[in-house]
Amino acid sequence: MTTTTQTTINPAAELLLDDPDELRARRRFSWSRRPQKPAAATKIRTSPVAATIKWILLGAGALVMLVPFYIMVISAFKPQEEIIRHPLAISPSTFTLEYLGDAITSEKFNVIGAYGITLLFVALVNVFGIVLSAPVAYVIARGRSKWHLGLLLLFVSGLFIPGQVTLIPVVFILRLLGLINTIPGFILFETAATLPVTIFLFAAYLRTVPRDIDEAAALDGAGRIRAFWSCIFPIMKPVVATIVVLNSISVWNDFVSPQIILGPSSGIYTVTTGVYAAVGEFSTDYTTVFPTLLLAIAPAVVFFIIMQRHIIGGLVAGATKG
Amino acid sequence: MADTVTRAPGLLRAPIERRDRALRTWRNRLPGIIMGGPAVLVFIAMFIIPMILAFVLSLTDWNGYSLNFTFIGLENYADAFRNPRTVDAAIFTAVVAFFGTILCNGVGLATAALISGPGRANTVMRTVFFYPYIISSLIIGFIWSAMLAPTGVVNSLLAQVGIPAMPWLTDVTFAKASIILTIVWSHFGFNMILYLAGIKSVPVEYYEAATVDGATRWQQFRNVTLPLIAPVVTVNLVLTLVGLLKVYDVVLALTNGGPAGSTQTIVFQILSDSFANADLGFGAAQSVVLLIVTAVLGLGVTLARRGSEKKVTD
């Protein structure tokens, strides 16, 4: 599955995700637009000076990227005094798990609860988003009339509407429906927010799925709905994976919608709204700030490390097709 | 359908046939309606109606709670252009969007060009430059606000090399620069990834030809890579610009709009007017303006880039 994931969606994306050996092996059966020659042979010889300058620049850039992360991690295990005095130092004598423990058991921010709630939201939005989008994308991809094109354009127009513009009236609508400050209300809004990208990518993918499959299913007596779910949907795995990656990241990181739709009165905190409540404004108590932030980003970083290839491939596919 | 033409025309048969046909098309369409209906309903409820509502509300003085409100025409829009708070926020948002877009894309393209080669080191660099993108921008803001605070890590590091503390987040100019740099730090990796995908899709033959012609690496980049990835440049510019016009989370965490409200963005205004200030009509008017500006700029950049994309294919 890994292999088919991005090669079908975006060969260019796949290219940059792998080391060359694996790629060469993969190219054998996927696609072979590029010659099998190692890229190095075609490059002009770079002077050693240029190479040195390049790697000094990249090294400096890498430091700028990594030092904040390093400081955040080590500061989660240090007392305030140490964080301010020796921000870069790791010393075993001041190492403590006390503050991390405090952050885990903090009353302001129930980390474990927030993980659970946010994961639940991610899962529900993914399921509902896909179940809603896949059939409509299929209808659009198979339709030939101007209505189907119109439908696609309608959904795609949603890509250009900033969430903040619709959020205020959405609050009003959810209040009317009695769904404000409730999980169903939030899920409804987040699911709707995923529809444009999901339908667009699904429809683009389904256009590449041959109609023979539909016809075969019809010959076997399956209705259109049955044919879709049991014959077409299983083929959509690669694009579904892309969508799951895109939607999971956006739901996990969303702050404004949970903050407003699930206001403080609901008592429901996601990781982001929980961090906001715990760290707040102008907090200078670093023994709270750093452990809380570390806890908040840990799952995302772990997820990124494990799924890096899919995440990057998914983002590229989402951006270049959308 | 074709056989209807050959069939003998009968006055009596026509209505029955029409009914049959209607029934048949209905039966053919039903699965499509069942499959598409729910998504269309959700989309209408959460996108279309809110859009219309935002526009209608922007013409009223509704406070969001009371039952009586009046239509005040375009008064809210006039206010938006008169209100110094909104104007300042719009200017700051424009500054962030402009410099943010240029820097994210400049740095992103440069790093992509430097690490486009094969090899482990390049892969590692790609991960290092990209990772902040998957962290929520609110948390990015909090990380940097802790780093840049008056007693924060950056100032204490500066003190160790004998440089006096800088007012990173407490001085108006410094705070604005800090916000833009934080955005670039966390976002350019995404642009870099897209540029890398573009660069890697340029056929190797073109570089071979350029090498034969004696082109330097810079000339190859300037005359082969850059024109061929023009569509990627457009996507990058539009995505970054449109994204930065609604920047909020990172500013909230980094400066909370301060010092003295100097770093409030337009979304700050929309949210505070709509909820805290109970001036929903005014908030809605500002969000409609934001929507129009976003659409115009997004389309404008796309159309403006059309020219430089065309040159390549000709």
Side-chain angles (χ1 to χ4, degrees), chain A residues 12-13 15-16 19-20 34-35 39 42 44 54 58 62 65-66 68 71-72 84 87 132-133 135-136 138-139 155 158 160-162 164-166 168-170 172-173 189 192 195 223-225 249 253 255-256 272 275-276 279 281 284 286 289 293 296-297 300 304 308 311-312 315-316 319-320, chain B residues 31-32 34-36 38-39 42-43 46-47 49-51 53-54 57 114 117-118 123 125 127-129 131 134-136 138-139 142-143 146-147 149 151 153 156-157 193-194 196-197 200-201 203-204 207-208 211 217 235 239 246 248-249 256 267 270 274 280 283-284 287 290-291 294-295 298:
Chain A
L15 252 185
L16 66 107
D19 47 281
R34 286 160 64 108
T42 64
I44 309 181
K54 169 183 148 182
L58 287 174
M65 300 311 289
L66 288 175
I71 288 174
M72 185 184 55
I84 295 174
L132 281 177
S133 305
V136 79
Y138 175 67
V139 171
F155 283 119
F160 301 101
I161 303 172
Q164 286 83 350
V165 174
T166 48
I168 300 159
V170 160
F172 176 65
I173 292 169
F189 177 74
L195 289 181
R224 277 192 82 192
I225 299 175
I249 294 178
N253 286 339
F255 167 68
V256 179
T272 50
V275 167
Y276 185 66
V279 176
E281 310 135 33
T284 47
Y286 299 132
V289 173
L293 293 179
I297 72 160
F304 173 64
Q308 193 191 155
I311 291 172
I312 293 179
L315 285 169
V316 172
T320 48
Chain B
I34 293 173
M35 292 171 96
V42 169
F43 189 79
M46 294 283 110
F47 271 94
I49 296 178
M51 283 273 291
L53 214 55
L57 286 176
L114 287 179
T123 318
M125 282 298 169
T127 308
V128 167
F129 290 132
Y131 86 89
I134 54 134
I135 299 171
S136 141
L138 182 86
I139 291 170
F142 278 129
I143 294 174
M147 303 280 161
T151 56
V153 170
S156 88
L157 282 178
I193 289 292
L194 296 190
L196 268 174
K200 300 254 182 173
S201 69
V204 183
Y207 293 112
E208 285 167 0
T211 314
R217 280 195 85 172
V235 168
L239 284 180
K246 47 185 185 178
Y248 174 73
D249 302 9
N256 194 26
V267 173
I270 292 174
S274 305
L280 215 91
S287 58
L290 174 65
L291 173 68
T294 306

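Proteins get letters first, then strands, A, B, ... in listed order; numbering begins at 1 in each. Remember, it's a predicted structure, so these values are computed and weren't measured experimentally.
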Contact origin within [X] toward chain B - heavy atom pairs under 4.5 Å:
X	result
A/F172	side chain
A/Y138	side chain
A/V136	both
A/I249	side chain
A/L195	side chain

query: Is the B/F142 ring parallel, tilted or perpendicular to the A/Y276 ring (thresholds 30°, 60°)?
result: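 Because their plane-to-plane angle lies in the 30° to 60° range, the rings of B/F142 and A/Y276 count as tilted.
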Interatomic distance, [X] atom [atom1] to [Y] atom [atom2] [nearest 0.5 angstrom]:
X	Y	atom1	atom2	answer
A/F255	B/D249	CZ	CG	6.5 Å
B/M125	B/T127	CE	OG1	10.5 Å
B/I143	A/L293	CD1	CG	5.5 Å
B/M147	B/L157	CE	CG	9.5 Å
A/I312	B/L196	CD1	CG	9.0 Å

task: Count the heavy-atom pairs under 4.5 Å between each of A/T166, A/I168, A/V139, A/L66 and chain B, then report the option with the highest count.
output: A/I168
query: So which of A/V256, A/V275, A/I173 has the largest heavy-atom pair count under 4.5 angstrom toward chain B?
result: A/I173
Interface residue of largest heavy-atom contact number with chain A, from B/I270, B/V235, B/L291, under 4.5 Å: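 Counting heavy-atom pairs under 4.5 Å, the top option is B/L291.
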Considering only heavy atoms, which portion of [X] lies under 4.5 Å from any heavy atom of chain A: side chain, backbone, both, or neither?
X	answer
B/L239	side chain
B/A295	neither
B/S274	side chain
B/F43	both
B/V267	side chain
B/I135	both

query: Does the B/Y131 side chain pair with the main chain of A/M65, one donor and one acceptor, at a distance under 3.5 Å?
result: yes
query: Is the backbone of B/I134 close enough, under 3.5 Å, to the side chain of A/N253 for a donor and an acceptor to pair up by distance?
result: yes
